[in-house]
Every structure is written in C-alpha cells, then in structure tokens.
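Note that these values count all heavy atoms, side chains included, but never hydrogens, waters or copies made by symmetry. This is a predicted model, so every value here is computed, not measured. Residue indices begin at 1 and follow the sequence shown.
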Amino acid sequence: MYAVIKGRRLLGAVACCLALAVPVGVAFAAAGAPSPAAAANAANTNWGLSFQENGKTPVGNASAEFLKQYNAYYAGDPEEKVIYLTFDAGYENGYTPSILDTLKKHGVKATFFVVGNYIETAPDLVRRMAAEGHTVGNHTYHHPDMSKISDTEAFRRELESLEDLYKETTGQEMKKFYRPPQGKYSESNLRQASELGYATFFWSLAYVDWYVDDQPTREQAFDKLLPRIHPGAVVLLHSTSQTNAEILDELLTKWEAAGYTFGTLDELCA
C-alpha cells in the first residue's frame with residue numbers, strides 16, 4: 001500500500017474515491033429514496049451527503065447526533081455563518097505554497113489532513129503549515145481503508161506512526177484530528193478513534209477537484225462551491241488541485257462578501 005501511496009496518479013485515483021461519496025449522497029435525493037441519514041448504521045460505509053436545499057446543511061448518511069457520541073463531526077452550527085476550511089494532502093503537486101500564501105492574505109487558518117508520504121516528501125511545507133498557525137491533521141500513515149481494520153492495535157499504529165513522524169519533523173505534537181481515508185468508516189472505527197483521544201471529521205461540502213489531468217474550470221468550481229456553501233460548512237478541498245490554487249483568493253473573497261467568516265476545527269468541536 002505504501003508503494004501505491006507514493007505514485008501520484010494512483011494516489012489521485014484513491015483520493016477520488018473519498019470525494020465520490022458526495023455525488024453518491026446526492027443520488028439518494030435525486031432518486032427520491034429515503035435519506036441515508038434516517039438511521040445511522042453500524043456497518044462499514046462511505047461518507048455521503050444529500051443536498052436538499054442550497055445554502056442549507058446537507059443531510060449526511062449518519063446524523064450529527066449519532067456522530068457526536070463518538071466525538072465526530074461533519075458540519076458546525078447551521079445558524080452561524082462560519083466556514084471551516086480543510087484540505088486533504090496525499091502528495092505535493094506544486095500548489096500548496098500558493099494556497100498557503102492565499103490563506104495568509106485572508107487571515108484564514110485551515111486544517112491540512114496529511115499522510116505519511118506527504119510529510120516524508122514535503123517536510124518544509126508541513127513545517128510551514130504549523131509555523132503559520134494551521135492545523136495538521138491525521139489522514140493515517142498509509143491511507144488504507146480503515147473500515148476494514150478491526151484490530152485495535154493495527155488501527156492505533158496507522159494513527160500513531162503518523163503522529164511520530166510529524167513530531168520528528170516539526171518538534172510538535174500532532175493535533176488529534178482524524179479524517180478517514182476515502183471517507184470510509186464504521187461505527188467501530190469511530191469508537192476506536194474516540195478512545196484514542198481523536199475527533200473525527202468528515203465534511204459537508206466538496207466537489208470533483210481530484211483528477212489532476214482533468215481539472216474543473218473556474219466556472220465549474222464556482223458553480224459547485226458558491227451555491228452550496230452554508231452556515232457551519234466543513235469544506236473539503238484537495239491541495240493537489242491547480243484549480244483550487246488558482247481560484248482560492250477569489251473564492252474566499254466571494255464567501256467573505258456573502259457574510260461568512262472562517263473558524264477552526266478546534267472551535268467547531270469546542
């Protein structure tokens with residue numbers, strides 16, 4: 001699995017599985033089927049969303065109440081116009097410096113969920129993230145399907161080996177924020193993460209930004225990210241995306257003009 005992680009295009013394909021959970025959730029609404037969040041279920045599943053009304057929190061395939069018992073979250077207060085910006089970073093594609101420059105310009109603190117390969121190959125950028133006040137979260141060391149790991153010690157190793165590498169690289173303790181690779185999880189995973197002191201974070205807004213050889217246009221990105229923004233949104237973007245780097249300044253400006261401010265995941269789960 002580690003060799004796969006180190007291949008850029010293969011990792012991009014893995015990353016796309018994570019975001020595929022978003023259109024899957026939309027399909028429930030389009031087909032008129034019952035909401036997948038009607039009852040949280042303990043089986044292994046992919047995180048999915050049903051966007052029922054623009055500007056409103058989408059319905060997840062597990063409810064906020066169900067998730068919170070395991071210190072897990074996918075959105076914040078639906079009455080507060082606050083955005084929580086997150087990036088998943090599996091490898092460095094040359095765009096993170098621009099992203100960090102834009103975040104600094106707007107005074108926005110984001111969370112970057114990284115894997116072992118990212119810290120190994122881009123340690124200076126990881127140190128820059130930490131130095132500029134961003135949170136570096138745990139996306140596991142090898143980016144496996146964690147829902148298939150039932151052994152507590154194996155689950156622990158995936159998280160703690162990344163913690164160790166982060167501390168070795170930055171001299172700091174890694175924040176105990178976890179995002180399941182590919183958006184795959186089980187109730188057992190949520191419980192294991194919580195018992196290890198972790199908060200688990202899914203998302204309430206993402207779009208198809210992971211195909212590095214088929215990037216969305218500026219217009220396509222805005223068509224997804226502007227109408228669906230909502231109070232309390234946890235936004236997932238991929239730092240490998242050229243489009244994200246190019247539109248981020250304008251995107252943040254548009255969200256700010258709409259009355260939004262930016263919060264941190266610490267504030268979300270306080």
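- Ring planes of F113 and F201: tilted class, angle from 30 to 60°.
- Checked against ring pair (Phe, Tyr, Trp, His ring centres under 6.0 Å), Y70 has the following partners two or more places apart in sequence or in another chain: F66.
- Using a distance-only test at 3.5 Å, with no hydrogens or angles considered, a donor-acceptor pair links the side chain of N117 to the main chain of G90.
- Qualifying side chain to side chain contact (heavy atoms under 4.5 Å, CB included) partners for E195, counting only residues two or more places apart in sequence or in other chains: R191.
- S204 meets the side-chain hydrogen bond (donor to acceptor under 3.5 Å, both in side chains) test with H230; sequence neighbours excluded.
- Pairing each heavy atom of L125 with each of P97, the nearest pair is CD2-CG, 3.9 Å.
- A donor-acceptor contact shorter than 3.5 Å links the side chain of Q192 to the backbone of S150.
- The same ILVMFWY cluster, assembled from side-chain heavy atoms under 4.5 Å apart, contains both L236 and Y207.
- K56 is linked by a side chain to side chain contact (heavy atoms under 4.5 Å, CB included) to E53, counting only residues two or more places apart in sequence or in another chain.
- From R157, atom CZ reaches atom CD of E163 across 14.0 Å, with rounding to the nearest 0.5 Å.
- Counting only distance, with no hydrogens or angles, the side chain of N244 and the backbone of S239 share no donor-acceptor pair below 3.5 Å.
- The side-chain heavy atoms of T264 and T135, taken from C-beta on, include no pair separated by under 4.5 Å.
- Note on residues 239-262: no pairs pass ring-ring contact (aromatic ring centres under 6.0 Å, His included), not counting sequence neighbours.
- The minimum heavy-atom distance between S241 and D209, with the atom names listed, is CB-O, 3.4 Å.
- Looking at L162 and T140, their side chains never come closer than 4.5 Å, going by heavy atoms from C-beta outward.
- Residues Y178 and L159 form a side-chain contact, since some pair of their non-hydrogen atoms from C-beta on lies under 4.5 Å apart.
- The side-chain hydrogen bond (donor to acceptor under 3.5 Å, both in side chains) pairs that include a residue from residues 74-84 number zero, where partners must be two or more places apart or lie in different chains.
- At least one donor-acceptor pair closer than 3.5 Å links the side chain of T243 to the backbone N or O of P216.
- Residues satisfying the salt bridge (Lys or Arg N to Asp or Glu O under 4.0 Å) criterion with E256, sequence neighbours excluded, are absent altogether.
- Side-chain contact between I83 and L205: absent, with no pair of heavy atoms (C-beta onward) separated by less than 4.5 Å.
- The backbone N or O of Q172 lies less than 3.5 Å from a partner atom in the side chain of T170, making a donor-acceptor pair.
- When the side-chain hydrogen bond (donor to acceptor under 3.5 Å, both in side chains) test is applied to E158, the partners found at least two apart in sequence or on another chain are H142.
- No donor-acceptor distance shorter than 3.5 angstrom exists from the side chain of Q182 to the backbone of K184, with no hydrogens or angles considered.
- One distance of note links CE of M146 with OH of Y185; it measures 15.0 Å at 0.5 Å rounding.
- Residues passing the ring pair (Phe, Tyr, Trp, His ring centres under 6.0 Å) test with Y166: none are found, sequence neighbours excluded.
- Atom CG in L190 sits 10.0 Å away from atom CG in N71 (nearest 0.5 Å).
- Side-chain atoms of D223 never come within 3.5 Å of backbone atoms of Q220 as a donor-acceptor pair (strictly under, hydrogens ignored).
- In this structure, the separation between CG on N138 and CZ on R179 is 12.0 Å, given to the nearest 0.5 Å.
- Atoms CG and OG, on L248 and S98 in that order, are 7.5 Å from each other to the nearest 0.5 Å.
- Scanning all heavy atoms of the two residues, the minimum distance from V235 to T86 falls at O-OG1, 2.7 Å.
- Of the possible donor and acceptor atoms, none in the side chain of H143 sits under 3.5 Å from a partner among the backbone N and O of P181.
- Side-chain N or O atoms of N93 include none that pairs as donor or acceptor with a backbone N or O of Y95 at under 3.5 Å.
- Other residues, nucleotides and ligands contribute only 12 or fewer heavy atoms inside 6.0 Å of the NZ atom of K224.
- Taking every heavy atom of both residues into account, A110 and L103 meet most closely at CB-CD1, 4.0 Å.
- Not counting sequence neighbours, the partners of E132 by the side-chain hydrogen bond (donor to acceptor under 3.5 Å, both in side chains) test are R128.
- The shortest distance between side-chain heavy atoms of L67 and F202 falls below 4.5 Å.
- In this structure, the salt bridge (Lys or Arg N to Asp or Glu O under 4.0 Å) partners of E173, at least two apart in sequence or on a different chain, are K167.
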Item to complete: Please report the C-alpha distance between F87 and H238 in whole Å, then the side-chain angles of each, then the deciding distance to 0.1 Å, and finally whether the ring-ring contact (aromatic ring centres under 6.0 Å, His included) criterion is met.
Response: CA-CA 5 Å; F87 293 86; H238 286 85; 9.3 Å; no
Worksheet item: Between Y118 and D88, is a side-chain contact (heavy atoms from CB on, under 4.5 Å) present by the stated rule, with each step listed?
Response: CA-CA 10 Å; Y118 193 93; D88 281 4; over 6 Å; no
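- Contact detail for L165 and G116: the closest heavy-atom pair is CD2-O, 3.7 Å.
- When atom types are taken as modelled, the side chain of Q215 and the backbone of Q242 share a donor-acceptor pair closer than 3.5 angstrom.
- Closest of all the heavy-atom pairs between D249 and K105 is OD2-NZ, 2.7 Å.
- Because its NZ or CZ atom is both nearer than 6.0 Å to the ring centre of F51 and within 45° of the ring axis, R228 counts as a cation-pi partner of that residue.
- Using a 4.0 Å cut-off between a side-chain N of Lys or Arg and a carboxylate O of Asp or Glu, K104 and D101 do not qualify as a salt bridge.
- Scanning for side-chain hydrogen bond (donor to acceptor under 3.5 Å, both in side chains) contacts around K254 gives an empty result, with sequence neighbours left out.
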